[in-house]
Amino acid sequence: PDSVVGEPIFVPDPEGVDEDDGVLLVVVLDSNKLQSVMVVLDAKNMSEVARATVPQVVPLGFHGKFDFKKVC
């Protein structure tokens, strides 16, 4: 309930056959912890493949261009 989900980014499987072969990268902001998580979802069935905690807040809409060093 206290999480905000960013825009998913589709990363195609280079060996994929179907249109949805690949993963979705989604940044999720936990506003209580003031921490972001990168969630990797299987694009075909939307199941979670992996997640990585980021040690700071990643702005939503970063589109792969966020550089924490330039912000702080």
Side-chain angles (χ1 to χ4, degrees):
D2 295 320
S3 295
V4 180
V5 179
E7 179 182 355
I9 298 171
F10 178 68
V11 180
D13 180 343
E15 298 177 5
V17 176
D18 295 325
E19 172 178 49
D20 55 358
D21 285 338
V23 295
L24 293 171
L25 304 179
V26 186
V27 174
V28 180
L29 170 62
D30 183 328
S31 59
N32 287 328
K33 295 181 182 177
L34 294 177
Q35 188 175 53
S36 295
V37 176
M38 172 69 74
V39 179
V40 182
L41 302 172
D42 183 309
K44 191 173 288 286
N45 60 25
M46 301 301 285
S47 64
E48 185 175 317
V49 175
R51 70 173 47 216
T53 302
V54 182
Q56 66 270 343
V57 172
V58 176
L60 297 176
F62 74 104
H63 293 289
K65 300 182 187 310
F66 177 69
D67 185 347
F68 184 71
K69 292 177 185 173
K70 290 183 180 179
V71 174
C72 295

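Worth knowing before you read on, the calculation uses all heavy atoms, side chains too, and leaves out hydrogens, waters and symmetry mates.
Residue Val4 is not grouped with residue Leu24 when hydrophobic side chains (ILVMFWY) are merged at heavy-atom distances under 4.5 angstrom, including chains of intermediate members. Both Val11 and Met38 belong to a single network of hydrophobic side chains, linked directly or stepwise wherever heavy atoms of I, L, V, M, F, W or Y lie under 4.5 Å apart. Val39 and Met46 fall within a single hydrophobic cluster, where Ile, Leu, Val, Met, Phe, Trp and Tyr are joined by side-chain heavy atoms under 4.5 Å apart, directly or via other members.
Listed by chain and residue number, nothing satisfies the side-chain hydrogen bond (donor to acceptor under 3.5 Å, both in side chains) test with Thr53 (two or more places apart in sequence, or in another chain). Taking Glu19 as the reference, nothing meets the side-chain contact (heavy atoms from CB on, under 4.5 Å) condition, with sequence neighbours excluded. Taking the side-chain contact (heavy atoms from CB on, under 4.5 Å) definition, one finds that Val5 meets it with Val26, Val28, sequence neighbours left out.
The list of side-chain hydrogen bond (donor to acceptor under 3.5 Å, both in side chains) pairs with a residue in residues 26-40, not counting sequence neighbours, reads Asp2-Asn32. Sorted by first and then second residue, the salt bridge (Lys or Arg N to Asp or Glu O under 4.0 Å) pairs with a member in residues 34-44 read Asp18-Lys44, Asp20-Lys44, Asp21-Lys44; sequence neighbours excluded.
Across Gly22 and Phe10, no two heavy atoms sit closer than the pair CA-CE1, 4.0 Å.
A heavy-atom distance below 4.5 Å is not found between the side chains of Val37 and Val27.
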